[in-house]
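Remember, it's 1-based here, ligands and their atoms both numbered in the order they're listed.
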Amino acid sequence: MSKHDNLVEKVNNSICNTYGRYPLSIAKAEGSRLYDLEGYEYIDLLSGISVANLGHCREDLAEVMSEQARKLVQVSNLFYQEEQTELAEKLLATCSADKVFYCNSGAEANEAAIKLARRYMRKVKNRDAFEIITLEGSFHGRTLATLTATGQGGPIKDGFDPLPEGFTTVPFGDIKALKKAVTGKTAAIMIEMVQGEGGIRPLEQEYIEAVQSLAKENDILLIADEVQTGLCRTGKWWAHQHYGITPDIFTSAKALANGLPMGAMFASNEAAKGFEPGSHATTFGGGALVSKVASKVIDIMNDEKIAERAAEMGARFTKEASLLVEKHPDKVEGVRGLGLMLGIQLKVDGNEIFKALREKGFILNLTKGTVLRLLPPLTIEFADLKAFLDSLDEILSQN
Ligand code: PLP
C-alpha cells in the first residue's frame, strides 16, 4: 500500500466525510511548490484557495511566528494588546474603512457583517430592516446565516433547514432585479466584486456603481465580501478599489495571516456604531500570534509591491492565455479575471483536462466542471504560469 493510500484509509476512518479531495497527499510546501508524500513536486496555482498569497512557508513569516509564539499567543479580548492595534493601523491604511473587527474565517467575517448591518438598522436607524440581498452564484460561507446568504443550491443548503429568515438572492449583474428586491425591510446588499467559487465572474463597473447608488438612495448598507478578492489578489489591496466605490462594510480572511486562520470585518465609523460591548465577540479574534503574523504579511505586501506584481502578472497571463483561446476555439471560450484571480472558461467538460494537468504537476481548481480556476501565490514566477499554459496547450492539442 502506498503512503498516500494508507493515509486515505486513515482519513476515511477518522475524519468527517465533508470534503471531495484530490487524490493527493501534501506533505510539504515552499514558495509556489507543493510536495506530496512520495516527494513529487507540483507547481501550486491555488495557494490553498487564495490563502498563501505570499507563497508557502516563508522564512520571514516563520521567524515572526516563532518569536511571537515565545512572547504572547492568545489571552482573549478581555485585554488590550498592542499586536491588534499595530495590525489595525496597517490594515486601515490600505483602505477607507475606519474600524476593524477580528475573527477567524471568512464565514465569520461575513456573519459579523450581517449582524452589524441588522443591528445598525435596528439600534442606530430605528428601522426594522433586516433583509440581506445577495447575488446568484455567490459564496459567503458555511455558517447557517452565510450559507443562506450564499446564492447557490445543491449540497451547501440541502438538509439544513429551517434556514434563517431575511435573505434574498437576485440574478447576477441584473440591476433591475436588484432594484425590485430592495424594500423597506432591506438592511444591506452584499456582493463579491469577482465571484470566486461561482467561477471567477467579475461584475461590471456600471453595475457596481449602480449598486452603490442604489444603496445610498435607499439608505441601506453596501457590504463587499473580499474574502477571496482581498489582500492584493486582484492587483489592488481590495477589489472594490478597482471600481472607485466605498462599501460601508467589507470582509477579509484567507490570506490575512498567509495560512494561519484569521478573518476581519471592516466598517465605516457610521456602520460600526451598530456594535457595542457584548453585541458581538469571538474568543480567538485578533490573538497576538495571528495579529503579529498578519502585520508582517501587510508589511511584505507593501514592501514587495505585491498588488502591482499581481496586476502585472495577471495581465501577462491573460495576454498569453488569449492566444490559447484563439488556437483552440472549439475547446476554450475565454479567459477572465482580475489580477491573479483567473478563470479559463472551457467549452468542454473540464474533468479530463484538469486531471491531465495534475498529472503534469499543476495544482489548480475546477469550478462548475468547466472553469479552470487559478489563484496562484502572488509571488509566483511568470515562468511557472507559462509552463502551465504550455502544458494546457499540449493537452488541448491532444484531445
Ligand atoms: N466568502 C468568499 C467570497 C469565499 O470565497 C469564502 C471561501 O471560499 C468564504 C466567504 C468563506 O470563507 P471561510 O471558508 O474562511 O469561512
- Message: Please list, in number order, the atoms of ligand 1 under 4.0 Å from a heavy atom of Asn110.
- Response: 1 (N), 10 (C)
- Element-labelled atoms of ligand 1 that are located less than 4.0 Å from some non-hydrogen atom of His140: 1 (N), 10 (C)
- Query: Between Asp44 and Arg33, is there a salt bridge with N-O shorter than 4.0 Å?
  - Reply: no
- Gly106 N/O under 3.5 Å from ligand 1 N/O: yes
- Quick one: does Ile49 get an N or O within less than 3.5 Å of an N or O on ligand 1? no
- Message: Quick test: of every protein heavy atom, which one is nearest to atom 1 (N) of ligand 1, and how far off is it to 0.1 Å?
- Response: Asp225 OD2, 2.7 Å
- Query: Are the side chain of Gln212 and the backbone N or O of Thr246 linked by a donor-acceptor pair below 3.5 Å?
  - Reply: yes
- Query: With the threshold set at 4.0 Å, does a side-chain nitrogen-carboxylate oxygen contact exist between Glu304 and Arg58?
  - Reply: yes
- Message: Tell me whether Gln74 contacts the main-chain N or O of Thr283 through its side chain, where contact means a donor paired with an acceptor under 3.5 Å.
- Response: yes
- Query: So is Glu192 polar-close to ligand 1, meaning N/O to N/O under 3.5 Å?
  - Reply: no
- Have a look at Val194 and tell me which of Leu342, Leu203, Ile200 forms a side chain to side chain contact (heavy atoms under 4.5 Å, CB included) with it. Ile200
- Task: Answer with yes or no after comparing the ring centroid distance for Phe172 and Tyr207 against a 6.0 Å cut-off, counting only values under it.
- Result: no
- Query: Is there at least one pair of N or O atoms, one from Gly141 and one from ligand 1, spaced under 3.5 Å apart?
  - Reply: no
- Message: Any protein heavy atom at under 4.0 Å, with atom 12 (O) of ligand 1 as the reference point?
- Response: yes
- Message: Does only the side chain of Ala107 get under 4.0 Å from ligand 1, or the backbone, or both, or neither? Count heavy atoms.
- Response: both
- Message: Between Lys296 and Gln68, is the side chain to side chain contact (heavy atoms under 4.5 Å, CB included) condition met? List the steps.
- Response: CA-CA 12 Å; Lys296 183 71 181 172; Gln68 187 64 34; over 6 Å; no
- Quick one: which of Glu197, Lys254, Gln228 has a heavy atom closest to atom 7 (C) of ligand 1? Lys254
- Stepwise salt bridge (charged side-chain N to carboxylate O under 4.0 Å, His left out) check, Glu192 with Arg201: CA-CA 9 Å; Glu192 292 161 85; Arg201 293 165 84 200; over 6 Å; no
- Query: Which of the numbered atoms in ligand 1 are below 4.0 angstrom from a heavy atom of Ser105?
  - Reply: 15 (O), 16 (O)
- Message: Among all protein heavy atoms in this structure, tell me which lies nearest to atom 2 (C) of ligand 1, with the distance rounded to 0.1 Å.
- Response: Phe139 O, 3.3 Å
